[in-house]
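Notes follow the structure.
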Amino acid sequence: MRVVLAEDLYLLRDGLTLLLEANGFDVVAAVSTGPELVKALDELRPDVAVVDVRLPPTFTDEGLQAALAARRKVPGLPVLVLSQHVEQLYARELLADGAGAIGYLLKDRVLNSDQFIDAVRRVAGGGTAMDPEVISKLLASNARHEPLAELSPREREVLELMAGGKSNAAIAAQLFVSEGAVGKHTANIFAKLRLVPSDDTNRRVLAVLAYLNSTEA
């Protein structure tokens, strides 16, 4: 699996490269600036991009913007963003197209190599990998929105795990319920959030978007 990595700190960039390659990934480019990332994504079209939000030259959001631009050119291009802090605006921008294959991890999670590699694989496979702290803040900030108020406590619990990228089987195992029960909760969540089936969108991602969008209501 081909990876483009963007991280301005040499030691972290080198360490992530070694970690990815040790787990079977082919790091086809490891860059340190926003312009280099734009060029690498455009020319190499990797299977997944692992991107620091803040890159030179301005250290604002070059990494995020490069990733978003690449997804506009290649819809659904898998992108895992690494950030020092929870920035809800960035998470909202990443999820806005509803296509999935998106991740947002705090850099502290990289210290857990298994968790990091699992997130890269999940995103590369078209899933989501949202940091639990990000999800927690998103859920808290939307708690008073009416459609969300219709969710039961268990449905909220399922949604949080679902938004974190877990499959129904994984959610069932964590909550000690059957996979069928999780499927019913998921269907209820989609119904209460008015998310209809479509070949063009991912309802799991849109469920998270419903929370994000409600903060602007």
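Bear in mind that the values here come from a model prediction, so they are computed numbers and not experimental data.
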For the side chain of [X] and the backbone of [Y], is there at least one donor-acceptor N/O pair under 3.5 Å apart?
{"X": "E36", "Y": "S32", "value": "yes"}
{"X": "R2", "Y": "D47", "value": "no"}
{"X": "E155", "Y": "S152", "value": "yes"}

Does any non-hydrogen side-chain atom of [Y] lie less than 4.5 Å from one of [X]?
{"X": "R54", "Y": "D61", "answer": "no"}
{"X": "P35", "Y": "P56", "answer": "no"}
{"X": "V4", "Y": "V50", "answer": "no"}
{"X": "V79", "Y": "V48", "answer": "no"}
{"X": "L20", "Y": "I117", "answer": "yes"}
{"X": "F116", "Y": "L80", "answer": "yes"}
{"X": "L68", "Y": "Q65", "answer": "yes"}
{"X": "M1", "Y": "D26", "answer": "no"}

Please answer: with hydrophobic residues joined when any side-chain heavy atoms are less than 4.5 Å apart, are [X] and [Y] in the same cluster?
{"X": "V53", "Y": "F59", "value": "no"}
{"X": "V123", "Y": "L44", "value": "no"}
{"X": "V3", "Y": "L41", "value": "no"}
{"X": "V31", "Y": "V27", "value": "no"}
{"X": "L5", "Y": "L18", "value": "no"}

Interatomic spacing from [atom1] in [X] to [atom2] in [Y] - rounded to 0.5 Å:
{"X": "S113", "Y": "N23", "atom1": "OG", "atom2": "CG", "answer": "7.0 Å"}
{"X": "L161", "Y": "N168", "atom1": "CG", "atom2": "CG", "answer": "10.5 Å"}
{"X": "L105", "Y": "N112", "atom1": "CG", "atom2": "CG", "answer": "10.0 Å"}
{"X": "L19", "Y": "F25", "atom1": "CG", "atom2": "CZ", "answer": "9.0 Å"}
{"X": "D42", "Y": "L37", "atom1": "CG", "atom2": "CG", "answer": "10.5 Å"}
{"X": "T33", "Y": "D8", "atom1": "OG1", "atom2": "CG", "answer": "9.5 Å"}

Minimum heavy-atom separation for [X] and [Y], please, with both atom names.
{"X": "L55", "Y": "G63", "result": "CD1-CA, 3.7 Å"}
{"X": "G34", "Y": "A66", "result": "O-CB, 4.5 Å"}
{"X": "A29", "Y": "A40", "result": "CB-CB, 4.2 Å"}

Tell me which one of L106, L16, V51, L12 satisfies side chain to side chain contact (heavy atoms under 4.5 Å, CB included) with L82.
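Output: one option passes, namely L16.
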Short N-O contact, E7 and K107, less than 4.0 angstrom
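Counted as a salt bridge, because a side-chain N and a carboxylate O are separated by less than 4.0 Å.
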Does this structure show an ion pair linking R154 with E157, if we count only N-O contacts that are shorter than 4.0 Å?
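Salt bridge present between R154 and E157.
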Of all residues at least two apart in sequence or in a different chain, which pass the salt bridge (Lys or Arg N to Asp or Glu O under 4.0 Å) check with E21?
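E21 satisfies salt bridge (Lys or Arg N to Asp or Glu O under 4.0 Å) with no residue once adjacent residues are dropped.
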